[in-house]
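Numbers for residues simply follow the sequence, beginning at 1.
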Amino acid sequence: MPHSTLVPSEDKFRALVEQSIVGCYLIRDGIYVYVNPKFEEIFGYAPGEIAANGIGVDDVTWPADRQLVRENLRKRVDGELHDLRYEFRGKRKDGTLVEVEVHGSRIDFEGKPAVIGVLLDITERRRVERAMRDNEERYALAALGSNDGLWDWDLRAGRMYFSARWKAQLGAGEAEIGDKPDEWFTRVHADDKERLRAALAAHLQGQVPHLEIEHRVRHFDGRWCWMLVRGAAVRDAEGTAVRVAGSQSDISARKESEEKLAHDSLHDALTGLPNRTLFFDRLRQAMAFVQRRSDYRFSVLFLDIDRFKTVNESLGHMLGDQLLVRVGQRLLACVKPGDTVARLGGDEFAMLLEDFSDAEEPLRAAERIHAAFAAPHDLNGTEVFASASIGVALGFP
């Protein structure tokens, strides 16, 4: 059986064009000789209105883009362009703007050069692209203006992006940190690594909605910095985390302030020694140890400076404060590491001696204190002798 070629009739071609979801057109001498219904829909005209009224290219082109459209049509008709493909802003019948992408080819129509092609409404696509671009610019500006470092971990590829600010927080240059997760995790303090990994695992497994954790990380100059890390995972259709991204804030200054506040709340502001609160907390611990260990011994020494009021009134409060500081320093020299010397207030001090084997140790400590107080204190050129009255209490099982 011989091979035959099916040639569609003109009616079938016309039906195909009439039902097309893209605008189809034929232009001659700048006038639309033919347009399909979709073309008229794009520009807001009723069916048959454009061809019937001799509407031309200028009529459906935004004024600022008319020269662009004319030049492109001229080049295509003159054969300077082999393919006519470009974008322009169109003007709908109601005067509103529509963005279009046009494709066309040169043909001869009724003995004259013409252009035939298709036109696509890209208004929504351009709106989405602009929105995405605006979002990207907004994100970039926010990242630039933020004091936070940003990170983005591609879990499938095993690569991480660290922003320039993230690297700068560690004292690193742009090229000094790569794109591997270990660039982060190997710098985390040993005491914090398991907590960080556990927090990450809990979030990636969906046990907690967000990642938020504080940890220490090694700065390039060797010191430890406290960081607050926040993040959220992106999941696939099955709920598996494929990516996790977030921020890193340097909270070292805040941590230092918190530590200072905690220290100040438990230490005497003048001498730097433990205060009454911390001393009695340690005393309660010592009393609890006695109940658990039969060989545990502790002792408390209370002392105040003899005639301190006279020194304070005759030499002034500034030198009186200096004397209290010097007394605290001498008391510290009389005990072993681990024992507690505290200032309870005014000229009253206390000492907690712990876990000693010699039952005479408290009395020997009192003797050391008396010997230490025998030498005068030099307070800005003024020699001051200060003795102390000492009371001793024993805490044995």
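Taking the ring centroids of W224 and H189, they lie under the 6.0 Å cut-off. For F302 and F349, the ring centers are positioned 6.0 Å apart or more.
Using a 3.5 Å distance cut-off with no hydrogens or angles, the side chains of Y296 and E354 do pair a donor with an acceptor.
No side-chain donor-acceptor contact under 3.5 Å links D121 to the backbone of V100.
Between H263 and H267, the ring-plane angle classifies as parallel under the 30° and 60° cut-offs.
Residues V60 and Y45 form a side-chain contact, since some pair of their non-hydrogen atoms from C-beta on lies under 4.5 Å apart. Between E174 and K167 the shortest side-chain heavy-atom distance falls below 4.5 Å. Side chains of H317 and Q322 form no contact here, defined as non-hydrogen atoms less than 4.5 Å apart.
Partners of D268 according to the salt bridge (charged side-chain N to carboxylate O under 4.0 Å, His left out) rule, which considers only residues two or more places apart in sequence or in another chain, are R343.
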For this session: Check the pair R195, E214 against salt bridge (Lys or Arg N to Asp or Glu O under 4.0 Å), reporting the backbone distance first and the verdict last.
Result: CA-CA 9 Å; R195 285 194 307 108; E214 297 175 359; over 6 Å; no
Exercise. Given V69 and Y86, is the side chain to side chain contact (heavy atoms under 4.5 Å, CB included) satisfied, shown in steps?
Worked result: CA-CA 9 Å; V69 175; Y86 64 101; 3.4 Å; yes
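V217 shares a hydrophobic cluster with W151, W153, L155, M160, F162, W166, L170, I177, W184, F185, V188, L196, L200, L204, L211, I213, F220, M227, V229, V244; the chain of contacts runs through ILVMFWY side chains whose heavy atoms sit under 4.5 Å apart. In the hydrophobic clustering, where aliphatic and aromatic side chains (Ile, Leu, Val, Met, Phe, Trp, Tyr) are joined below 4.5 Å either directly or transitively, L228 groups with W226, I251.
Under a cut-off of 6.0 angstrom, the local environment of NE2 in H210 is sparse, with at most 12 non-hydrogen atoms contributed by other residues, nucleotides or ligands.
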